[in-house]
J.: 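Next up is a structure, given as structure tokens.
Within every chain, numbering begins at 1; the chains are lettered A, B, ... in the order of the sequence lines, protein sequences first and strands thereafter. Quantities reported herein were computed from a predicted structural model and do not represent experimental measurements. As a basis for the values below, the full set of heavy atoms in this structure was taken, side chains included, without hydrogen atoms, waters or symmetry mates.
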Amino acid sequence: MLEKTFTPADMEARLYAQWEERGFFKPGHKPRAEPFTIVIPPPNVTGSLHMGHALNNTIQDILVRFERMRGRDVLWQPGTDHAGIATQMVVERLLQKENQTDRRSMGREAFLKRVWAWKEESGGAISRQLRRLGASCDWSRERFTMDEGLSRAVLKVFVQLHKEGLIYKDKRLVNWDPKLLTAISDLEVVQKEVKGNLWYLRYPIEGTDQFIVVATTRPETMLGDSGVAVHPGNDKLKHLIGRQVRLPLVGRLIPIVGDDYADPEKGTGAVKITPAHDFNDFDVGKRNGLRQINVLDQFGKILIEGNADFLEGAADVPAGTMALHGLDRFEARKRIVEMFEAQGLLDKIEPHTHQAPHGDRSDVVIEPWLTEQWYVNAAELARPAIAAVEKGETGFVPKNWEKTYFEWMRNIQPWCISRQLWWGHQIPAWYGPDGTVFVEETEALALAAAERHFGARVTLTRDEDVLDTWFSSALWPFSTLGWPEETQELKRHYKTDVLVTGFDIIFFWVARMMMMGLHFMHEAPFHTVYIHALVRDEKGQKMSKSKGNVIDPLELIDAYGADALRFTLAAMAAQGRDIKLAKARVEGYRNFGTKLWNAARFAEMNGVAHDPNYDPLAARVTVNRWISGETARTEAKVRQALEEYRFNEAAGAIYQFVWNVFCDWYLELIKPILTGTDEAAKAETRATTAWVMDQILLLLHPFMPFVTEELWQQTGRRSQWLIASDWPSYKGLGDAAADAEMEWTIRFISEVRSVRAEMNVPAGAKIGCVLVSASSGTRRRADAWENEIMRLARLSSIVFEEQAPKASAQIVLDEAIVALPLEGVIDFAAEKTRLSKELENIARDIAAIDGRLNNSGFLAKAPPEVLEESRERKAELTARKARVEEALARLG
RNA sequence: GGGAGCGUAGCUCAGCGGUAGAGCACUCCGUUCACAUCGGAGUGGUCACAGGUUCGAUCCCUGUCGCUCCCA
């Protein structure tokens with residue numbers, strides 16, 4: 001017997017453990033079936049489940065469960081990402097708290113040991129949380145980006161790309177994070193609006209007593225200036241091109257050059273050029289042969305003492321300037337401005353708001369800094385990745401994201417992949433005594449290569465840097481399947497089917513997987529990239545810890561159950577729109593689960609039991625034939641919607657069927673049968689109810705796996721678990737005559753209810769009903785459904801008459817009039833108003849149709865079926881109008 | 001500055017060339033033998049604005065206004 005109320009918490013953990021134990025999540029149950037493969041976007045090992053994960057994994061699980069039921073051999077490959085910077089920061093913070101130590105005093109080896117220990121004890125949280133959501137990944141295949149196998153893949157890829165010239169070392173400006181002390185990629189830089197100033201500085205023009213005024217947001221970089229640029233077409237300033245400036249505070253002579261970069265409209269039209277500390281200036285410097293003078297150290301402090309580049313050409317640098325050495329960049333900025341002011345070289349200061357680059361992890365201002373780093377020639381790798389999408393080998397859903405993808409890929413910059421961290425894949429590069437680099441998969445191979453090169457054994461030093469985390473993530477679709485080994489799984493499951501992810505990591509991850517997959521597997525990593533929305537809070541704000549508007553999915557699961565959360569996310573996952581999550585929605589779908597549970601209880605109480613031999617095609621009772629057809633239509637809607645990744649439509653279709661068709665009408669309509677005396681009808685109805693319940697559980701399972709599995713097991717002896725059952729397919733269900741009859745019956749009941757409410761008939765009062773001018777068909781239907789109609793419309797009797805009794809409310813039902821004698825109850829004025837209002841509505845509709853039918857253009861050009869439809873509808877409305885007028889007349 | 005998207009019921013959102021929909025909220029009624037986490041009935045919309053295409057536009061096109069996001 002089903003419990004009176006159902007409590008998700010009781011069954012979710014139990015069912016999940018059983019599924020996992022019995023191996024339902026593993027592929028290989030159907031070795032001959034077509035494989036279906038999804039690789040999970042690996043969450044950070046430091047992470048905990050947030051709403052984005054919940055949405056992302058709910059969608060994947062719906063697809064995976066759906067395809068598993070449809071007979072595909074499903075692999076959902078799970079795993080986590082080592083998340084270089086994030087993890088290193090977590091452990092460093094821990095060290096700081098625990099014993100006030102830092103990684104540098106520990107040393108690299110000890111620190112890494114500590115990180116691994118942390119990973120072992122705390123790194124699994126996210127996997128446990130995904131289980132709570134119901135994610136049916138094959139946990140036996142769980143991978144970690146720093147696993148031995150995945151690390152081997154990383155080495156192989158790095159070495160091969162290096163040998164192919166697609167990975168190289170280069171000295172250029174990088175985005176340097178002065179807090180984390182590492183280079184980061186363009187994508188890890190976020191632009192933030194900063195309120196600052198525009199400082200106007202006077203630079204003396206050599207050989208004159210004049211100045212050229214430059215405007216800058218970063219006065220402290222002036223120590224590294226190696227030129228001043230003006231636009232060659234700038235009539236006011238172009239005469240200065242070719243002259244020299246004596247750089248204040250330093251004494252260095254620097255040229256005034258002509259370059260288009262200097263916008264005549266901005267600032268003064270003249271701009272100071274610091275090639276070592278600004279990306280634009282770097283390019284200007286290259287074009288004009290200007291020196292690159294670095295004046296900052298890795299912490300963002302002034303570095304001028306013993307700085308040969310700085311001192312070269314600087315004549316008698318004043319002590320005051322040299323005293324800036326070692327100052328933080330922001331402190332130095334203040335001092336330099338003061339010094340300019342003291343010397344009368346500060347022209348003016350304007351408040352200025354501008355975008356400044358910040359590290360996405362550290363949130364400090366990023367310093368463009370001149371260093372040697374490793375780069376990937378992304379432009380080269382992007383070419384086939386662009387072509388694959390152009391040719392449709394991989395398609396985005398929704399399709400408009402392809403544009404974003406193309407846009408970025410066609411303008412892609414070299415990818416800086418080295419990071420000055422410890423946690424990550426150490427770069428397999430070794431340096432000889434003279435700096436010659438040997439890139440090999442192992443130290444032994446590097447030593448051998450060095451010996452060949454030098455003709456003698458030498459000592460090598462390994463590159464200290466590690467790789468960008470996204471480098472290993474880029475290999476995820478094949479590295480997790482065993483590559484570089486030629487495993488069975490790799491052969492069977494690559495190319496994968498669909499990648500489900502948010503648009504925020506199209507560049508970080510999707511693009512790079514495309515590049516690496518095509519280069520190493522010669523085939524794109526997935527057929528389809530499904531891009532889902534961002535989950536925002538109720539007000540549309542991005543959820544963030546600092547705003548405090550984060551909704552914790554685990555709390556929602558605790559409160560409403562995983563099924564409710566999953567269904568909510570699916571129902572709101574319309575394409576191309578962000579999800580604004582409101583708790584009330586989750587509550588509503590929790591109620592949906594309860595509704596289903598109660599429907600099952602009702603069925604059980606009425607002796608409904610699963611019958612494996614039941615065939616819905618054999619049903620004779622009209623209401624049963626009708627619900628079977630409705631079931632089949634619902635299956636088609638759900639299936640089609642899922643095939644097109646329209647999760648909200650799929651969820652909507654099953655929701656509406658369960659609640660508004662099955663519970664509201666079918667179960668209500670069969671009550672008289674179930675308590676009646678027609679044993680054959682009763683038996684058939686019970687069997688049909690059991691069958692429909694089963695179909696509901698099957699169709700709903702991908703969305704609400706827990707409650708459906710629980711009901712499946714509690715409502716019959718089953719040969720198979722629901723998770724492993726076959727998705728239904730129907731042939732020949734649907735009976736137009738049954739549909740018409742039930743539609744009429746439902747309309748009858750609804751109309752009577754509506755009038756009762758409007759006439760303020762007490763809900764408990766049973767009233768009589770007279771059918772006027774009913775055709776023989778209508779009489780037959782009314783006889784057939786008398787009990788059901790009386791029960792649901794709260795009528796005491798249904799009789800046939802030629803005339804409506806006086807003092808009755810009247811309802812037009814096709815050719816007949818349903819009259820409700822309400823002597824003493826009816827308010828004639830109200831009834832008159834009601835009918836008049838209806839008449840108005842009809843008249844308006846007719847007028848609209850007439851407007852069309854009297855339009856020669858419409859008659860000539862509208863498609864015939866639309867024309868026909870309009871005529872039919874007009875005929876219907878006209879007939880109806882006559883009935884209502886008749887009813888109105890009878891009121892006197 | 002370049003790109004993408006969104007303005008539909010009080011709120012959150014579907015829909016999309018031919019009768020404008022859901023959930024929540026609200027109002028009224030209800031202890032009808034599955035369910036008050038429920039049932040029944042309602043209120044509520046110049047589909048942002050202005051043009052255009054079309055026999056017909058909430059839907060397609062153009063522009064305007066407002067908002068969001070991505071990239072510089």
J.: Side-chain N or O of A:Trp659 versus OP1/OP2 of B:A34: is the shortest distance under 4.0 Å?
T.: no
J.: Phosphate oxygens OP1/OP2 of B:C55: is one of them under 4.0 Å from a side-chain N or O of A:Ser856?
T.: no
J.: Determine: side-chain N/O of A:Lys403 to OP1/OP2 of B:G5, distance under 4.0 Å, yes or no.
T.: no
J.: Is A:Arg880 paired with A:Glu838 through a side-chain N to carboxylate O contact shorter than 4.0 Å?
T.: yes
J.: On a heavy-atom basis, which atom in A:Ile386 and which in A:Phe406 lie closest, and how many Å separate them?
T.: O-CE2, 3.6 Å
J.: Is any side-chain N or O of A:Lys595 closer than 4.0 Å to OP1 or OP2 of B:G39?
T.: yes
J.: Check this one for me: any side-chain N or O of A:Lys4 less than 4.0 Å away from OP1 or OP2 of B:A34?
T.: no
J.: So what does A:Arg601 touch, heavy atoms closer than 4.0 Å: a base, only the sugar-phosphate, or nothing?
T.: sugar-phosphate
J.: Between A:Arg791 and B:C33, is there a side-chain N or O to OP1/OP2 distance below 4.0 Å?
T.: no
J.: Pick the C1' atom in B:U27 and in B:U43, then give their distance to the nearest Å.
T.: 7 Å
J.: If you take atom types as modelled and just measure distance, does the side chain of A:Glu402 reach the base of B:A4 with a donor-acceptor pair under 3.5 Å?
T.: no
J.: We want to know whether A:Tyr666 and A:Asn624 form a side-chain donor-acceptor pair, criterion being a heavy-atom distance below 3.5 angstrom.
T.: yes
J.: Does A:Asn598 make a side-chain N or O approach to OP1 or OP2 of B:C38 shorter than 4.0 Å?
T.: no
